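In this text the structure is predicted, and so the values were computed from the model without any measurement. Counting begins at 1 with the first residue of the sequence.
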Amino acid sequence: MTDLFDGYEVPTVNGRPAWDEMFERSTVARPAAATLHGALHALSRDDLDARATARDGRFRDQGITFSLSGEERPFPLDLVPRVIDAQEWRVVEAGVIQRVKALEAFLADVYGPRHVLKDGIVPHRLVTSSTHFHRSAAGIVPPNGVRVHVAGIDVVRGGDGRFRVLEDNLRCPSGVSYVIENRRMMVRLFPDLFGLHRVLPVESYPSRLLAALRAAAPTRASEPNVVVLTPGVYNSAYFEHAFLAQQMGVPLVEGRDLVCRDNVVFMRTFGVERRVDVVYRRIDDDYLDPLHFRPDSLVGSPGILNAARAGNVTISNAVGNGVADDKLIATYVPDLIRYYLGEEALLPNVETYRPEDPDKLAFVLDRLDRLVIKPVDGSGGYGITIGPQATDGELATARAALIDNPRGFIVQEVVELSTAPTLVGDRLVPRHLDLRPFAINDGERIWVLPGGLTRVALREGSLIVNSSQGGGSKDTWVLAPGRGDDELTDTPFPFGAVVAAGIQPDPGPVDRDDTAQQQQQQQ
């Protein structure tokens, strides 16, 4: 397969090589990827084509698809995996755990005593003006103190090789089903490659999620009943909703299947009502409960928030979490880590400016063609303006929007995302990518799925990796520690999950891909 690598050039940024996940420089593979690089050379083009055909057919037959422009398509899995060695993973994992702990503490505080606001760590007006701050969630204390049962933390790697946080997803983070299915597909297609690598497993995610949901149930529930609440088959992430329900062995329900009576939630099934203790919802706050939010919602369950306030049901993730993944408030997370944990951030934020500050607004308006402008409550890659790639008209529109509503945007320096070999046409070419690790908090510890979802921009030069914008994905291989490395496994390889050495998280004090526009299902 040497001809597939012909002409592969590591991109340069300001005259210096960008960070490539496989190559230190053109033709010289990084140590962690050297075995993979060598194995790929042994494959013929016909062999690779056959595996790609098998991939697409199996995904289509199993319904492993996503909706793009109204069309169901097989989820685009690139056949070249991304490799992360054990030492690098320690940094990512520890940073994600630290960040989730701080965000848990922030949410408990902001919907409780509000010390963080009184002490001036985060301005009061930023919290109360956030689209996803819900006063109706104030005073609701989850049974085990956990509000972020599932987190998806988007990280990127810049030219210096360091990981940085791009954004947090604490409401309904999507994509983990593709992590698991991508791995199953790669094992089928490349069994020999797995024989050459000690790749940490991802299959335990559903069982760990179910354990965390059960641990969050009201204390009166000795055998908690858990359901997955979906807006229905018209939602772009419906495959994931059905997948997780099936893998956990719990019912998949729609709002019309639930009834709230006397502040207790019941599920209607075959003419019988069954009490529900935990609702893993994949519906945005605005559509969850018509009594408290949008009265025209057809996909929610009236009264479910009252049941949560009464302590009779747990909603996962908690209502109001979106205030913590508001992109403007997320710029304060390093301060929150210092405030709540007394530590410095292990994973820094991408350098970000707050245009609601008049001085920063003037600064960014002068440099708009060199920066990235994002809506604070945007998702799916929509609404982003990348200055160096924008037209004059797009920059003028972004400028007017910033001046009109500076609170509604953040502005970031362009991060030249790391690249990795990606099969496009008949050869491998560098394409930009990011990483979404998923964390589960069960109230006793925070566990991070080894690897997570690597999303890759398939268009040349594009920095938008979202599947809704034409992006694809890669299987993410986190390598187990070798001899001489600190042992990371909490049970013997390959059956255990992995946590950072020496880290014992304290108990707590979610594409956003499920966008609001997709929540309204036809009656």
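Stacking of R261 on the aromatic ring of F266 is recorded, both the 6.0 Å distance cut-off and the 45° axial limit being met. Taking the centre and axis of the six-membered ring of F194, the NZ or CZ atom of R183 falls outside the cone set by 45° and 6.0 Å.
Salt-bridge formation is detected for the pair E167/K327: a Lys NZ or Arg NE/NH1/NH2 atom is positioned less than 4.0 Å from an Asp or Glu carboxylate oxygen. Salt-bridge annotation for D78 and R455: absent, with no side-chain N of the basic residue lying under 4.0 Å from a carboxylate O of the acidic one. Using a 4.0 Å cut-off between a side-chain N of Lys or Arg and a carboxylate O of Asp or Glu, R171 and D284 qualify as a salt bridge. Using a 4.0 Å cut-off between charged side-chain N and carboxylate O, R99 and D168 make a salt bridge.
Counting heavy atoms from C-beta outward, E240 and R282 have side chains that approach closer than 4.5 Å. Looking only at side-chain heavy atoms (C-beta outward), V253 and L258 come within less than 4.5 Å of each other. Put simply, the side chain of V146 does not reach to within 4.5 Å of the side chain of D442, judged on heavy atoms.
Legend: residues meeting salt bridge (Lys or Arg N to Asp or Glu O under 4.0 Å) with R164, ordered by chain and number and at least two apart, are D160.
Proximity of a side-chain donor or acceptor of R281 to a complementary backbone N or O of A318 within less than 3.5 Å is detected. Side-chain atoms of D257 come within 3.5 Å of backbone atoms of E254 as a donor-acceptor pair (strictly under, hydrogens ignored). At least one donor-acceptor pair under 3.5 Å links the side chain of D325 to the backbone N or O of L170.
Note on residues 336-352: pairs passing salt bridge (Lys or Arg N to Asp or Glu O under 4.0 Å), not counting sequence neighbours, are D335-R338, R338-E344.
Using bins of under 30°, 30° to 60° and over 60° for the plane-to-plane angle, the ring pair W447/Y205 lands in the tilted bin.
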